[in-house]
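Everything below concerns the one structure shown next.
Atoms within a ligand are numbered from 1 in the order they appear, just like the ligands themselves.
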Amino acid sequence: MTERAAVILAAGQGTRMRSPLPKVLHKVGGRTLLDRAIDAADALGCVRIVVVAGPHSPQVSAHARARLGEGAVVLQDRPLGTGHAVRAAEHALADFSGDLLVAYADTPLLDADAVAPLFEARAKGADLAVLGFYAADAGAYGRLILGEGDALHRIVEAKDASPDELQISACNSGVLAGPATLLFDLLKAVRNDNAKGEYYLTDVIGLARDRDLKVSVVFAPEARVLGVNAQAELAAAEAAFQETRRASALAQGVSMPAPETVMFAYDTVLEPGVLVEPYVVFGPGVMVRSGAVIRAFSHLEGAEVDPGAIVGPYARLRPGARIGAGAHVGNFVEIKQARLEEGVKVNHLSYIGDGSIGARTNVGAGTIFCNYDGFDKFQTHVGADAFIGSNTALVAPVRVGAGAMTGSGSVITQDVPDNALALGRARQVEKRGWADRFRALKREGRKQT
Ligand code: UD1
Ligand code: CA
């Protein structure tokens, strides 16, 4: 197989988003647009991936460097167009002579399956292959001027198109593939004498045809190649992503009585036989095993839920929450960086942060793991078969032994041995008849005023 590299364009201003956050760092399914583009290139086996970023958004460069390394980011000094942007990557790919995939970072639903046919077209003899689609509303997309069969003659940008050309519904997705050396060579001939005064990448198609090269077009479903330029399109991409994920979860045996209310992340894993009630949000990094139930209005992120566990309604699982088999996490319970062994019950109004709870332990309502002193975080460990009385404050670092109990309302600051009862609360005082005397005094006072 010819070696593959990718250039991902992310140096545009993204002004139409009207957001202080760079466009390509917005997310779909909890993953940035930029990471999604890189994921697709990765999945296609690209040995080199170069991100073209702009000097105006150091956040984008930093993000790409953190993932791909220093050499993988090049700067386009000024956003003079997509063709100009690809040229910014030429130097970084000087020693590369395989096939180059060019993709825009603002096409979040693109995946390897949609792009792979471009390389098939290359294998069948096309010099360049372009990914197109038929748009329901072609709007500002570049239009494909098609020839016989799968031939593509040129791409005309909407702003430069004649009224007749604007009627064309075959559009450019922005993704193309061809030999790196050929692409960089063609780009040298691209001019900016057009409506936007930009160097269009899309002009390489017409230039290739002028040289009698073979350019093929491959069509993808519109949903895969939707470009995000404004918030409404980002929302539309999110909706399309969610619809796909819901359908595949249902197809894989997940029960969801109201799938349209459940939000997935790009990497959510729900095993067959999981039940997800309405209005559940999965952030990144969630794994729920067979037979677990996620009840309504719960929010999970970075969490693992074992078979038969019940989470919610109204539960919040934060990163590092590990919910053992058959455990119950009830309403208004927050769990972070903590492992609940099998059969643990934390049913009401609790915060369990930084620690662990042994098997079958029951944690009473209102229990708090006091894990933070304003500077550092500390651990709380509760053994198996323990019983934590309601409204216990466990002040970390602290351990409660197996089989131990704490009295309701206790503030536990010292380790509790196995099977002990710990009480850390004021003794009750009773004053006989006090309430009666109090009421009499109050009534007397009222009469006088
Ligand atoms: C582009 C295509 C259009 C296609 C559409 C698909 C061109 C000239 N037009 O239009 O044919 O239908 O995408 O979504 O290519 N970028 C840079 N540097 C620049 C300009 C842009 O890196 O100087 C990056 C942007 O960050 C973005 C991508 O290139 O990720 C596309 O740029 P954008 O301005 O969104 O192009 P469109 O007008 O959408
Ligand atoms: Ca775009």
Would you check if the distance from the ring center of Phe369 to the ring center of Tyr351 is below 6.0 Å? no

Would you call Asp106 and Lys23 a salt bridge, using N to O less than 4.0 angstrom? yes

Can you name the residues that come within less than 4.0 Å of ligand 1, going by heavy atoms only? Leu9, Ala10, Ala11, Gly12, Arg16, Lys23, Gln76, Pro79, Leu80, Gly81, Thr82, Ala85, Tyr104, Ala105, Asp106, Tyr141, Gly142, Glu157, Asn172, Ser173, Lys196, Tyr200, Thr202, Asn229

Could you tell me whether Glu165 and Arg154 have a side-chain N and a carboxylate O separated by less than 4.0 Å? yes

cation_pi(Arg36, Phe241) dist<6.0 Å, angle<=45: yes

Criterion salt bridge (Lys or Arg N to Asp or Glu O under 4.0 Å) against Asp99, the qualifying member of Arg122, Arg4, Arg48: Arg122

Atoms of protein origin (N, O or S) under 3.0 Å from the Ca ion (ligand 2): Asp106 OD2, Asn229 OD1

Taking the six-membered ring for Trp and the full ring for Phe, Tyr or His, determine whether the centres of Phe133 and Tyr141 are under 6.0 Å apart. yes

Give a yes or no on whether Glu243 atom CD has more than 12 heavy-atom contacts from other residues, nucleotides or ligands under 6.0 Å away. no

Which residues share a side-chain contact (heavy atoms from CB on, under 4.5 Å) with Asn192, sequence neighbours left out: Tyr199

Show me, pair by pair, the donor-acceptor contacts under 3.5 angstrom made by side chains of residues 390-397, not counting sequence neighbours?
unit_1	atom_1	unit_2	atom_2	d
Ser390	OG	Ala365	N	3.4
Thr392	OG1	Gly389	O	2.6
Thr392	OG1	Thr406	OG1	3.0

